[in-house]
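The structure under discussion appears below in the form of structure tokens.
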2 protein chains.
Amino acid sequence: MTDLTPDEQLLEFFKALADANRLKIIGLLAQSDLSVEELAAMLGLRPSTVSHHLMVLSLANLVSARAESYYNVYTLKPGALEGMAKTMLAQETLPSIAAGVDTNAYDRKVLHDVLLPDGRLKIIPAQRKKLEAVLRHIVAAFEMDVRYPEKQVNEILAQFHEDTATLRRELIGHKLMAREAGIYWRLSDSANSRAADSGG
Amino acid sequence: MTDLTPDEQLLEFFKALADANRLKIIGLLAQSDLSVEELAAMLGLRPSTVSHHLMVLSLANLVSARAESYYNVYTLKPGALEGMAKTMLAQETLPSIAAGVDTNAYDRKVLHDVLLPDGRLKIIPAQRKKLEAVLRHIVAAFEMDVRYPEKQVNEILAQFHEDTATLRRELIGHKLMAREAGIYWRLSDSANSRAADSGG
DNA sequence: AAATCAATTCGATACTAATCGAATTGATTT
DNA sequence: AAATCAATTCGATTAGTATCGAATTGATTT
């Protein structure tokens, strides 16, 4: 029954509560256990409709039913709401939702637009976001923890574009590289940066 | 902007998160602020679609946008998720959702089916839920904190049905009244009972 | 001033989900 | 055994919404 990943479970939970009548059902069951007919009368709906809503809530593990003669009496599952609320608040939940997402897609799209087949730049884009995507790609040509003299920096940058001076300046300005006394080195990605360059 | 009652706000919140792509947007924004185009590339959607999703999330007060040149950079509203999670957990939230619901509707429906125009019972229903609804109606004819001798109890019950013995027995059995040494008195509603009899 | 760019709005389309009535199922009462 | 009852399932209809492409808007760059 719980063959769902945590994010699928969370989505199921939100979908279950994203309906006015289902929310009311939860509110009513919080006060007392009720049968399908009772809920139908209170909500002004047909029993078949209420049965459907209760099925959705069951699949989201929010309610359960017990048989009493020919009644099906539904109960709020104790701790179900609390559990999901805590899941929402948990630090690891949000990142895990985005886990399956291709966060490099934008950079790839920009590079696809701006790169020639040989890997050189058609142009150095003027738009900030595009420029940043290009710079993230270029800086991957430098190794971490290595000190580069300016001559070597220019040789590497020249593989991408003849205007090495602009590229140097932008790499520094966007804090992807640092310079001191004519020596350059790569800076580690800040929190707001993307995953590692996928090297397309 | 917040001309919504608490329950409408809660529903808006759940609706906003009841979509896989919007959940992913929240997950991505939890890691870093992003523009519409970046989100569109990551999710494999058109900018217009993402714009629509961001509008929904904005109306639910989950994200906000800041203009940066011609980019619209979206941010997770700090504390928004936490706030809603706490609202979910709050003791008073659940009952307030069901506040507008007519909890007497089932009893009224049963009474409408089983009562004659003069207020007498066509039959004493066999089904437990229906019987309970009828008993809740009948017990309202007795005052709280008054001690009734059996003779007077029978007179009152006879207004509803000739089989006063059965009615007496069921009222006791369902703990709506109690008896001791031939004296009867009404019991206060337990947690699982309905609101006061609407006296139709 | 013209061209470019990202975002939004709008209209159309496809998909999903809510609701109902009819038929069916399981259980209980007569 | 037959009749009654509540719940569920099923099929059809309707309402809502996700998605897209085209057009528009505001801002920036050339």
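Throughout, protein chains are lettered first and strands after them, A, B, ... in sequence-line order, and every chain is numbered starting at 1.
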TODO: Using a cut-off of strictly less than 4.0 Å, decide whether B:Asn72 has a side-chain nitrogen or oxygen near OP1 or OP2 of D:dA27.
DONE: no
Task: Nearest-nucleotide comparison on DNA chain C, the residue closer to the 5′ end among B:Tyr74 and A:Gln127 - done: A:Gln127
Open item on the list: From the set D:dT19, D:dA6, C:dA6, return the single nucleotide nearest to any side-chain atom of B:Glu37.
Closed with: C:dA6
Task: Distance, rounded to the nearest Å, where A:Leu23 contributes CG and C:dA18 contributes P - done: 12 Å
Task: N or O in side chain of A:Lys15 less than 4.0 angstrom from C:dT16 OP1/OP2 - done: no
TODO: For B:Leu131 and D:dC5, give me the distance from atom CG to atom C1', rounded to whole Å.
DONE: 15 Å
TODO: Could you state the atom-to-atom distance from OH of A:Tyr70 to C1' of D:dA6 in whole Å?
DONE: 8 Å
Open item on the list: If I take atom CD1 in residue A:Ile124 and atom P in nucleotide C:dT4, what distance separates them, rounded to the nearest angstrom?
Closed with: 19 Å
TODO: Please state how far atom CE in A:Met55 lies from atom P in C:dA17, giving the value in whole angstrom units.
DONE: 15 Å
Task: Interatomic distance where CD belongs to B:Glu132 and C1' belongs to D:dC5 [whole Å] - done: 16 Å
TODO: State whether the number of non-hydrogen atoms from other residues, nucleotides or ligands found under 6.0 Å of B:Glu68 atom CD is greater than 12.
DONE: yes
Open item on the list: Just verifying a value: how many Å separate A:Leu157 CG and A:Met177 CE, rounded to the nearest 0.5 Å?
Closed with: 7.5 Å
TODO: Give me the ring orientation class for A:Phe14 and B:Phe14: parallel if the planes are under 30° apart, tilted from 30 to 60°, perpendicular past 60°.
DONE: tilted
TODO: Would you classify B:Arg128 as touching base, sugar-phosphate or nothing, given that sugar-phosphate means primed atoms plus P, OP1 and OP2, and contacts are heavy atoms under 4.0 Å?
DONE: nothing
Task: Residue met sooner reading DNA chain C from 5', once A:Gly44 and B:Val73 are mapped to nucleotides - done: B:Val73
- [ ] May I have the distance from A:Lys129 (atom NZ) to C:dA6 (atom P), rounded to whole angstrom?
- [x] 11 Å
Task: Options C:dA6, C:dT8, C:dT30, nucleotide nearest the side-chain atoms of B:Tyr71 - done: C:dA6
Task: Atom pair distance, as rounded to whole Å: NZ in A:Lys130 and P in D:dT29 - done: 13 Å
Task: Any donor-acceptor N or O pair under 3.5 Å, side chains B:Asn72, B:Arg66 - done: no
Open item on the list: Side chain of A:Asp19, heavy atoms from C-beta onward: which of D:dA7, D:dA18, C:dA18 has the nearest atom to it?
Closed with: C:dA18
TODO: Using a 4.0 Å heavy-atom cut-off across all strands, classify A:Thr49 as base, sugar-phosphate, or nothing.
DONE: base
Open item on the list: Please pick, from C:dT9, D:dT8, C:dT19, the nucleotide with the shortest atom-to-atom distance to any side-chain atom of A:Ser51.
Closed with: D:dT8
Task: Earlier contact from the 5' end, DNA chain D, for A:Val36 and B:Arg46 - done: A:Val36
Task: Any-strand Watson-Crick or G-U partner of D:dT25, both distances under 3.5 Å - done: C:dA6
Task: Side chain of B:His53 (C-beta onward), nearest among C:dA7, C:dT19, D:dA18 - done: D:dA18
Open item on the list: Can you tell me which nucleotide in D:dT28, C:dT8, D:dT19 comes closest to the side chain of B:Ser69?
Closed with: D:dT28
TODO: Would you mind telling me which of D:dG21, D:dT28, C:dA17 lies closest to the side-chain atoms of B:Ser48?
DONE: D:dG21
- [ ] Can you tell me the pairing partner of D:dT17 across any strand shown, Watson-Crick or G-U wobble, with both distances under 3.5 angstrom?
- [x] C:dA14
Open item on the list: If we ignore hydrogens and angles and just use 3.5 Å, is the side chain of B:Thr49 paired with the main-chain N or O of B:Leu45 as donor and acceptor?
Closed with: no
- [ ] Decide, yes or no, whether a salt bridge links B:Asp19 with A:Lys15 under the criterion of side-chain N to carboxylate O below 4.0 Å.
- [x] no
